[in-house]
Amino acid sequence: MIKRWFKPGDLLLIAMVVIPVLLILPSLMQEAWHQPSGFLRGLARLAGVIGLSLMLQAAMMSIRLPRLDRLFGGLPRLWTQHRLVGFLGFMLVMMHAWGLSFSVITRGLEPAMVVLFPPLSYWPVWMGWLALAIMVTFLGPTFRFSGRMDYQKWKRLHLLSAPAILAALAHTLPLATYPLVWWFLGALAIGAIIWRKVLSPSLGRFEYEVVDVNTLVRGVIEISLKSRGQAMHYEAGQFVYLTPFDDSLSNGIGEEHPYTLSSAPGDVYLKISIKDLGDASHAIQTIKKGSRVQIEGPYGDFYERHYPQKKQLWFGGGIGITPFVSGARDMACKGQAAAPAHLFYLANDDYRAYFIDELREIADRQPAFDLTLHLFREQGPITAAFLQEHCPDYRDREIYICGPLPMVNHLRALLVLAGVPASAVHFEVFDFL
Amino acid sequence: MNKIAYTTLIAFVSSILTLVGAYWLVPSFAQPSSQGQIISLKELAENNHTDSCWKAIDGRVYDITSYVDEHPTPVNVLTDWCGKESTAAWYDKGNGRPHSPGAQALLAQFDIGVLEGHEGTSPAVTDIQPQTENLAVTSSAASQPLSVGQIADGSYYAESEPSSRGLNTILEMTVKNGQIIGIYFDEIRRNESGSVEYRKSADLEYADRWRQVSGVSQLSAFPALEAQLMQSGSLAEVDAITGATSAYNAFSALASELMGEQQAVAIARVDNQGYRDGSYYAESEPDSRGWRALVEITIVNGRIASVYYDEIQRDDEGVFQARKSDDLNYADRWRRVSQISHLSAFEGYENQLMLTGSIDNVDALTGATSAFESFRRLVHEALAEAH
């Protein structure tokens with residue numbers, strides 16, 4: 001249970017907030033214990049300290065180092081945390097400014113105003129405002145005023161977090177009682193951004209060449225990649241960032257996008273299945289053989305195990321079948337399985353059940369791998385009775401779900417009702433581009 | 001999450017706009033147009049407790065009694081300064097940083113008048129920025145005229161108790177023929193065993209911070225106090241320096257402890273000394289403990305314009321290692337034995353030579369005779385070329 005909610009890397013993240021807080025705690029207790037105004041100001045200072053820690057942490061999380069993400073439960077979990085931590089930091093920073101001002105309002109409007117808007121010569125406060133203004137600018141699109149933003153534009157806009165962090169540090173360093181801790185965390189944050197945006201495109205990527213493009217159904221391709229130099233090592237179910245350099249593409253040339261690997265680690269070629277879901281994944285459907293791509297990764301911990309003794313139950317739907325194809329191919333390659341697995345392939349109809357022939361073949365040869373195809377158009381939503389019929393011990397298995405959000409939600413509800421502990425259910429929603 | 005963040009943003013902006021709106025709509029209370037009542041140092045000193053805590057900052061007096069409980073430090077940090085001239089503590093909260101503009105706006109509400117002797121100076125603390133244009137020396141009402149009485153020859157030393165920031169002010173003074181010929185004023189910190197581990201005169205970072213808020217620092221403020229006393233011979237003639245009034249107060253306290261109501265003879269200089277212009281240098285062989293004495297003299301317009309005497313150590317390659325004038329612990333040991341130390345003795349020899357123009361007119365200082373011998377020999381050697 002603990003393992004499900006808590007990853008080793010979380011300790012590090014918590015320490016980065018706790019240490020700065022502990023440093024100011026004595027003076028905080030001192031001032032907060034006397035007067036209501038002191039209490040408010042103490043809270044405001046605390047909000048500032050935690051807010052900045054979280055902002056810097058959000059920046060550090062963007063480093064996206066292959067394999068390191070597993071310490072934190074995989075990259076998708078880090079994305080979620082990054083989002084949570086970033087928003088929390090943003091809110092705390094506002095409470096910081098608000099609290100400092102309103103803690104002196106009993107003394108009149110003038111002091112409350114001067115705290116927020118001092119003479120320009122007292123520039124650290126204005127650097128704080130600058131940081132907040134930049135944050136509003138780059139977080140603005142997440143408030144979805146004008147619909148969902150283009151992914152690449154959003155990424156470029158999000159780069160404003162770098163100047164925001166510099167401004168926040170310029171606000172804090174001259175005023176902080178213990179600036180050393182902020183120098184340290186600030187350097188880590190800026191270092192992470194520099195690695196991600198400046199260094200990793202040349203130092204962190206593998207060179208590959210497209211050797212085969214296989215159209216599975218309309219709008220879904222599987223491309224095979226051959227290493228041009230050093231090959232990337234990975235495990236079944238992991239994903240990578242792929243950057244195509246095929247000049248004939250109508251979109252997404254030189255842009256990186258995340259895709260799940262469908263090949264097994266033992267396969268000759270690296271294989272990636274791509275569904276036409278957005279501008280870039282639409283354009284890449286026509287990628288040419290022989291063109292150059294770059295791969296960064298691998299990321300994720302798809303087959304993470306909380307119950308190593310349990311058998312596994314896999315649910316794949318739509319393009320979410322990809323990590324299970326990788327898992328099944330891995331079993332076929334190795335000739336033995338880490339754990340027996342039963343895959344439920346939830347497809348709309350026979351036509352959309354790509355990979356089904358290959359999966360059936362593996363199921364025939366590999367006794368540890370069972371396969372059940374469920375067709376939504378004919379059988380409706382999957383039911384507990386259907387599971388009971390095809391996999392009677394489904395409640396006692398460790399469960400992996402990957403597919404579109406409605407499918408994931410439906411299955412999670414169904415499994416909880418059937419009494420499966422939440423800690424035994426892993427799921428990933430494939431809605432990123 | 002984004003909805004919560006968005007809601008927080010709206011709430012934040014609304015309340016700040018409300019604050020700004022209210023600030024514009026509500027007429028601000030008028031600043032006192034006059035200077036307010038004139039408050040004497042005595043009156044200020046009477047309000048030195050938590051039930052009535054007045055402080056003088058930059059010539060204004062503030063009654064902060066009602067704020068004592070709200071101040072974000074342990075109460076005694078604040079109340080230690082009740083009834084006192086607190087400008088230094090205002091501009092250095094103890095971490096080298098001045099109070100914020102927000103704190104300044106709060107302080108303005110507690111203004112009750114002007115400190116006697118500061119009438120006509122700027123009405124209140126208005127900006128924490130440097131006030132370089134106010135570098136001029138102003139007269140202070142704090143100094144009491146002293147009655148005449150000659151101070152006896154010898155060396156004098158006084159040291160204050162540690163301040164709330166652990167700094168002791170020290171003053172060493174050497175008098176010869178009724179003239180103050182050497183004087184050293186500084187703030188130092190001693191560790192538990194009493195050794196000096198810090199002196200402000202060597203802290204150029206502190207000087208930067210002080211200069212940023214006050215337009216002046218110890219680099220010229222301390223020598224200015226020393227020079228005024230040396231040249232006039234009377235504490236009554238020493239004026240405070242704007243931006244360094246607390247240093248002036250500390251200096252006055254120590255100097256009056258040493259001199260009481262006595263005065264020294266004002267220094268007279270011999271103007272025509274008949275030397276050849278140029279700079280002259282001499283250095284001795286190392287003594288048994290490796291110290292070499294050195295003297296450098298610059299003659300301008302036939303007169304000794306400046307003299308530098310020190311004792312230094314060099315390594316085997318002749319590279320400079322240490323100089324005695326930096327070593328305040330050495331000064332402590334020397335003073336313990338001889339009532340004098342190099343802090344005022346070296347300067348005493350330098351000044352005697354500079355003012356009288358001849359090494360023959362320089363008298364040995366009791367307790368510093370071996371330095372005198374080195375000094376006399378080296379000056380002879382150095383000035384041999386200058387005749």
Side-chain angles (χ1 to χ4, degrees), chain A residues 26-28 30-32 34-38 41-42 45 80 83-98 100-122 124-125 132 135-136 139-145 174-177, chain B residues 1-29 31 64 66-78 93-110 126-130 209 212-213:
Chain A
S27 78
L28 217 57
Q30 160 60 38
E31 76 174 326
H34 279 285
Q35 287 260 331
S37 68
R41 185 174 41 203
R45 285 177 59 205
T80 315
R83 193 177 149 82
L84 181 76
V85 157
F87 272 132
L88 269 180
F90 174 62
M91 290 192 283
L92 284 168
V93 160
M94 288 188 287
M95 287 181 210
H96 167 67
W98 183 87
L100 284 179
S101 170
F102 279 73
S103 70
V104 292
I105 206 152
T106 51
R107 291 280 169 192
L109 291 169
E110 170 109 26
M113 276 294 282
V114 175
V115 167
L116 291 178
F117 309 106
L120 280 177
S121 57
Y122 199 67
V125 170
L132 185 59
M135 284 178 89
V136 171
L139 289 178
T142 31
F143 301 140
R144 307 252 172 94
F145 296 122
L175 300 176
T177 319
Chain B
M1 197 68 193
N2 52 0
K3 280 182 191 147
I4 304 172
Y6 181 60
T7 311
T8 314
L9 174 64
I10 298 299
F12 174 72
V13 171
S14 322
S15 60
I16 298 302
L17 284 179
T18 310
L19 175 66
V20 174
Y23 177 72
W24 286 116
L25 290 173
V26 177
S28 63
F29 51 89
Q31 290 287 329
I64 60 152
S66 67
Y67 187 69
V68 169
D69 282 342
E70 286 182 46
H71 191 260
T73 57
V75 171
N76 69 305
V77 173
L78 197 69
K93 294 191 283 185
N95 55 5
R97 294 187 195 140
H99 280 75
S100 69
Q104 217 161 275
L106 277 180
L107 181 69
Q109 302 190 348
F110 305 121
T126 47
D127 197 346
I128 60 150
Q129 282 311 90
R209 297 198 296 269
Q212 264 165 31
V213 293

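Scope of the values below: all heavy atoms of this structure, side chains included, with no hydrogens, waters or symmetry mates.
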(message) If I take atom CZ from residue B:R97 and atom CD from residue B:Q212, how far apart are they, to the nearest 0.5 angstrom?
(response) 11.5 Å
(request) Check for a donor-acceptor pair, side chain of B:T18 on one end and backbone N or O of B:S14 on the other, with a separation under 3.5 Å. (result) yes
(request) Let me know if A:V125 has heavy atoms under 4.5 Å from chain B in its side chain, its backbone, both or neither. (result) neither
(request) Find the one option among B:T8, B:V20, B:I4 whose heavy-atom pairs under 4.5 Å with chain A are most numerous. (result) B:T8
(request) Classify the ring geometry between A:W98 and A:F102 as parallel (under 30°), tilted (30 to 60°) or perpendicular (over 60°). (result) parallel
(message) Is A:L116 close to chain B through its backbone or its side chain, or both, or neither, when contacts mean heavy atoms under 4.5 Å?
(response) side chain
(message) With a 4.5 angstrom heavy-atom cut-off, is it the side chain or the backbone of A:P174 that approaches chain B, or both, or neither?
(response) backbone
(message) Measuring from atom CD1 of B:I64 to atom CZ of B:F110, what distance do you get when rounded to the nearest 0.5 angstrom?
(response) 8.0 Å
(request) Determine whether A:H96 and A:L92 make a side-chain contact, defined as any pair of heavy atoms from C-beta on separated by less than 4.5 Å. (result) no
(request) May I ask you to test the B:N2-A:R83 pair for a side-chain heavy-atom distance under 4.5 Å? (result) yes
(message) Need one label for B:S66: side chain, backbone, both or neither, based on atoms under 4.5 Å from any heavy atom in chain A.
(response) both
(message) Using heavy-atom distances under 4.5 Å, tell me whether B:V13 contacts chain A through its side chain, its backbone, both, or neither.
(response) neither
(request) Check whether B:I16 gets within reach of chain A through its side chain, its backbone, both or neither, counting any heavy atom under 4.5 Å. (result) side chain
(request) Against chain B, work out which of A:I105, A:L175, A:T177 has the most heavy-atom pairs shorter than 4.5 Å and name it. (result) A:L175
(message) Is there a side-chain contact between B:Y67 and B:L107 in this structure, where contact means two heavy atoms from C-beta onward sitting under 4.5 Å apart?
(response) no
(request) Name the region of A:L28, side chain, backbone, both or neither, that has any atom closer than 4.5 Å to a heavy atom of chain B. (result) neither
